[in-house]
Amino acid sequence: MSALKRPEPRPSVLEIQAYVPGRSTTPHATTVFKLSSNETPLGPSPQAVRAYQAAAEHLAEYPDGSAAALRAAIARTYGLDPARIVCGAGSDELLNLLAHAFLAPGDEAIHTTHGFLVYRIATLSAGGRPVVASESNYTADVDAILRVVTQRTKIVFLANPNNPTGTYLPFDQVKRLRQRLPPQVLLVLDAAYSEYVRCNDYESGIELVATGDNVVMCRTFSKIYGLAALRLGWLYGPAHVVDALNRIRGPFNVSQPAIAAGVAAMADVRHVEAATDHNARWLPWLTEEIGRLGLKVTPSVANFVLIHFAHTTDRTAADADAFLCARGLILRRLEAYGLPGALRLSVGTEEANRRVVAALSAFLEPAG
Ligand SMILES: Cc1ncc(COP(=O)(O)O)c(C=O)c1O
């Protein structure tokens with residue numbers, strides 16, 4: 001007989017600090033610009049919205065549990081084998097499924113110091129041990145990752161580009177990581193922001209998945225496709241990984257409205273181009289203008305920037321956050337990421353971007 005007086009979760013579950021999403025409201029302002037969750041300022045494709053609305057006619061029916069239409073659309077777009085794609089309720093679900101399928105209690109999963117928070121949560125929820133690899137200049141460091149690999153390592157989670165830093169690893173570095181990892185370690189390349197990257201030395205991971213047994217790539221419809229509310233992501237992986245995930249995922253883990261909207265969103269290439277063009281214009285603008293104010297901005301290749309504030313004066317990140325919130329500008333606080341001195345700003349509409357720069361300029365003005 002157990003001495004427990006009530007049902008208890010696994011101890012590692014209680015080590016988890018529940019994920020706190022970026023805020024979407026502020027009590028101070030009526031006009032609100034939510035720049036805290038890296039959503040697209042262009043919204044979804046109108047075609048995706050129409051497909052979603054049409055799906056309302058069939059709400060009594062279960063979805064196609066294999067999401068065949070969506071996997072076919074993704075496969076067409078990227079030239080992939082649809083049998084090696086798994087769709088999920090957001091890439092968050094896929095990251096969790098990977099942890100649950102590949103970690104036994106006590107197994108280790110590596111992420112970098114400021115890696116996406118879901119990696120730690122997914123690892124602990126599966127009974128695994130999160131292991132942190134140091135970064136260099138807010139950027140993943142292949143040698144630091146390799147140094148913390150042990151016999152118990154089962155997964156390396158790498159967001160490329162990373163959230164919340166916006167930095168990335170060039171393809172030759174990712175290849176080097178894959179080459180040096182033991183074959184039993186699964187390298188999870190989380191390419192949630194890959195569509196925004198405009199660097200010749202970047203590759204999202206498709207090539208590595210295609211040429212090996214221990215790499216998967218996760219993607220999302222929440223960012224550039226503007227479908228965050230629908231919870232839709234996908235993964236491309238080796239057949240044996242896909243097989244494992246298909247055994248443990250919910251049989252209807254992706255809803256039919258999400259499948260329909262995802263197919264239509266992929267077909268609207270112009271909308272995606274408009275989103276990347278918008279980002280290509282405003283990401284450098286924000287980086288330069290905020291830098292000109294004397295704030296350090298970590299160079300980003302994604303759709304957000306990490307802004308660093310002073311630690312000791314009344315110009316801290318918390319002070320800036322309060323000042324901006326009072327003006328309806330909601331950025332992301334980063335205490336949970338171990339970055340209390342920084343705020344993350346998503347690239348917004350032209351109006352939002354200009355307002356943020358003007359507000360930061362006012363915030364930094366000497367009192368007097
Ligand atoms: C690096 C990274 N991976 C995955 C996700 C999760 O995306 P989804 O909405 O598909 O669950 C996010 C969302 O913020 C992210 O930043």
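Both ligands and their constituent atoms are indexed starting at 1 by order of listing.
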Element-labelled atoms of ligand 1 that are located less than 4.0 Å from some non-hydrogen atom of T220: 7 (O), 8 (P), 9 (O), 10 (O)

Touching ligand 1 at all, S91? Heavy atoms, strictly under 4.0 Å? yes

For F252, is the NZ or CZ atom of R231 found under 6.0 angstrom from the centre of its six-membered ring and inside 45 degrees of the ring axis? no

Name the orientation class of the two ring planes belonging to F309 and F363 (parallel below 30°, tilted from 30 to 60°, perpendicular beyond 60°). perpendicular

for atom 14 (O) of ligand 1, nearest protein heavy atom and its distance come out as K223 NZ, 2.9 Å

Determine, using ring centers only, whether Y193 and F304 are less than 6.0 Å apart. yes

Which bit of S222 is near ligand 1, meaning a heavy atom under 4.0 Å away: side chain, backbone, both or neither? side chain

Quick one: look at Y193 and ligand 1, take heavy-atom pairs under 4.0 Å, and tell me if it's side chain, backbone, both or neither. side chain

What protein heavy atom sits nearest atom 6 (C) of ligand 1, and how far away is it? D92 OD1, 3.2 Å

Do E195 and R219 meet the salt-bridge criterion of a basic N to acidic O distance under 4.0 Å? yes

Identify whether the distance between the nearest side-chain nitrogen and carboxylate oxygen of R176 and D143 falls below 4.0 Å. yes

Ring-face cation contact, W285 with R354, 6.0 Å cut, 45° max: yes

Give me the nearest non-hydrogen protein atom to atom 11 (O) of ligand 1 as residue plus atom name, then the distance to 0.1 Å. R231 NH2, 2.7 Å

What atoms of ligand 1 come within less than 4.0 Å of a heavy atom belonging to N163? 1 (C), 14 (O), 15 (C), 16 (O)

Side chain, backbone, both or neither: which part of D190 comes within less than 4.0 Å of ligand 1 when only heavy atoms are counted? side chain

Are R247 and D243 ion-paired here, with the side-chain N under 4.0 Å from a carboxylate O? yes

Closest to atom 12 (C) of ligand 1 among protein heavy atoms sits F116 CZ, 3.4 Å

